[in-house]
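Quick note on labels: first sequence line is chain A, next is B, and so on, each numbered from 1. Owing to the predicted nature of the structure, the values given are computational and were not obtained by experimental measurement. Just so it is clear, the values below take in all heavy atoms, side chains as well, and ignore hydrogens, waters and symmetry mates.
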Protein chains: 2
Amino acid sequence: MRATQAENSSLRQSAGERAILEAAAWLFSEIGFDGVSMRSVAEAAGVSKANIYHHFESKEALYLAILHASAAELSALVENLEESSGRFDANISEFSSAHLQHLMDNETTSRLMLREAFSGDEERSRMLVERVVGGTFERMVSIFRAGQEAGELRSDLDPALCATLLMGADVFFFQARGALKHIPQAGFVRRPGRFSEQMIDVMLNGMLSKKQRKGGAQ
Amino acid sequence: MRATQAENSSLRQSAGERAILEAAAWLFSEIGFDGVSMRSVAEAAGVSKANIYHHFESKEALYLAILHASAAELSALVENLEESSGRFDANISEFSSAHLQHLMDNETTSRLMLREAFSGDEERSRMLVERVVGGTFERMVSIFRAGQEAGELRSDLDPALCATLLMGADVFFFQARGALKHIPQAGFVRRPGRFSEQMIDVMLNGMLSKKQRKGGAQ
DNA sequence: CAAAACACTGACCGTCCGGTCGGTCAGTTA
DNA sequence: TAACTGACCGACCGGACGGTCAGTGTTTTG
C-alpha cells in the first residue's frame, strides 16, 4: 500500500509517475524546494496530490529521486567528454565549450544541481560533489596535470585551480546570464558561443607556457 | 499605527528594529526568502512577531529593506575601489583582489545579493543590477576600455567580457568554496589570497597585449 | 501634566502546507 | 469468477504560515 521501491529509474513507470517527475523537476529547478508545494506539482502533472504520495514517500523523497536522476544524467553526458586524443590546448578548448553547451542544453538539470551544490547544506553538497561533480573535476585536473608534465601548461600554476577557473567561468556565465542581460554593455550574453571562444582564448593564453602560446591577435 | 516610513536607514531606529534587521538579514541570506518564517525572525531578534509588522509592512517589505541596505553597503564599499592612478594591470589586480576580499568579509550581504541576482525573478534581478551591480560593472568596463585604448589590453577582446571573467571568477570562488572543499585536490580553497593571486596572473597574462605581458614564470 | 506618538505584545484569523485515509476501479492471475 | 494488486482520487487532519487587532506601557511634546 505504501510506496516502497521508487527511484527504480529504468524500470517501467506509469504515465502518472513520469508526469510527476517531469513537472517536479521543472518546478524544483525554477522555484526551489521550499517554494514548491505538492499541490502545485500535482496540478502541473495533472494528477491528484494523493497520487504523488502513492509513488513517493514524501516531498523529500520526490526531490531526492529527481536529484539522483539529474545526477545520473549529468555524469552520463560528461562521460563522453574525456579520452580526447588531440593536443592539450585543443582538448581543453573542446571540453570547455562542450561543458557550457551542456549547461545550456540541460537548463533544468543544471540549475537544480547548482542550487543544491551552492546553497544546500554541508551533507548534501558533499554527497553531490562526491557522486557527480567530483569525477568530472578530477578528470579535468588530470588533463591539466598531464599538460603540465608535457610542458604545455605553466609549471607554476595549480592544476586544480586552473580547472576551477575554466569550469567556473562556464558556470558563472550560465547562472549570471539572466542578470547580465540587463547590462547594456554586456551584449555578449546573447552569444554563448562567442563568450566561450573568447573566454577559452584568454584562459589558455594565460595558462600555457610561453613557448606554447599562439597568442591572440595584436 | 501602521508602519509608514521604514527604510530610513540613517534615521534613528529602535533597538528592536535593529535587532529585527540584523536577524532577518542573517536568516534570509542563510535560508532564503521562502525558507524564513516571520516567527523565526521574531524569535531570533527577541521580539514579538507583531512587532515586526509594526516596523515593516510585510515580509516582502522587510526583505526589500534588507536588500536595499545591503545594496547601499555594497556600493559604498565598491566606491573606494575606482580612481586608482597606477598602471592598468596594477589597477585591475588591486580591484579584483579587493573585490574577493570584500565578498568574503561581507558574507551575509554578498550571499543575499547573489541569491537575488541569480535566482530571483526578472524584475528583481533587473532592479538589483541597475541599482547596484550595474555601476560597479560599468566602472570596471570603462577601466578595461581605457586600457584597451592605451594599447595595454588586447584589442580583439570585448571589455565587458573581460570584466565579467574577472568578477565572475571571484564570485564563483566565493559561492563554490563550500562545495569545492570536499574535493581533495582543490586545497587552494583554503587560501583565498593564493587563489586571487594565481587567478589574476592567468587572466592578465591572457588579456594583456603581447608587448605588455610580464609573463608568469616559465 | 495631559495628550499625542511610539514601541511593543498576546491572542487570534483565514489560508495553505505536507501528509493520511478510506475507498474506487481497471487489469492481472488462478 | 473470485481474489488480488497497483494506480488513482476526494476529503480530511494538525500545524505552520503571513498577517491583524485591541490594548498596554513608555517616551516625547505642546
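Defined by atom type and a distance below 3.5 Å, a donor-acceptor pair is present between the side-chain atoms of B:H182 and A:E122.
We find that CD1 of A:I20 is positioned 12 Å from C1' of D:dC9, with the value rounded to whole Å. To the nearest angstrom, P of C:dC17 lies 12 Å from CD1 of A:I52. For the pair A:M38 CE and D:dC8 P, the interatomic distance rounds to 15 Å; values are reported in whole Å. Rounded to an integer number of Å, the gap from A:E43 CD to C:dG18 P is 13 Å. Straight-line distance from the CZ atom of B:F56 to the C1' atom of C:dC8: 14 Å, rounded to whole Å. Protein atom NZ of A:K49 is 17 Å distant from nucleotide atom C1' of D:dA7, rounded to whole Å. Straight-line distance from the CD atom of A:E17 to the P atom of D:dC9: 14 Å, rounded to whole Å. Protein atom CD1 of B:I31 is 11 Å distant from nucleotide atom P of D:dC17, rounded to whole Å.
Side chain of B:S110 to backbone of B:N106: a donor-acceptor contact under 3.5 angstrom is found.
Phosphate contact (OP1/OP2 of D:dG19, side-chain N/O of B:Y53, threshold under 4.0 Å): present. Contact annotation: B:H54 does not reach the phosphate of C:dC8 (side-chain N/O to OP1 or OP2, under 4.0 Å). In terms of phosphate contacts, A:H55 brings a side-chain nitrogen or oxygen within less than 4.0 Å of OP1 or OP2 of D:dC8. OP1 or OP2 of D:dC8 has at least one side-chain nitrogen or oxygen of A:S14 nearer than 4.0 Å. For the pair B:N51 and C:dA7, the criterion of a side-chain N or O lying under 4.0 Å from OP1 or OP2 is not met.
The aromatic ring centres of B:F172 and A:F172 sit 6.0 Å or more apart.
If you check every strand for non-hydrogen atoms under 4.0 Å, B:V36 touches sugar and phosphate atoms only. Note on B:S37: only backbone sugar-phosphate atoms sit closer than 4.0 angstrom, heavy atoms only; bases stay farther off.
Of the residues near DNA chain C, B:A15 and A:R39, the one whose nearest nucleotide (by heavy atom distance) lies more toward the 5' end is B:A15. Positionally, the nearest nucleotide of DNA chain D for A:G16 lies more toward the 5' end than for the other of A:G16 and B:A50.
Around the CZ atom of B:R190, the shell of radius 6.0 Å holds no more than 12 heavy atoms that belong to other residues, nucleotides or ligands.
A:K59 contributes no side-chain N or O that forms a donor-acceptor pair with the base of C:dG19 under 3.5 Å.
Under the 4.5 Å side-chain criterion, counting only non-hydrogen atoms from C-beta, A:H99 is in contact with A:M167.
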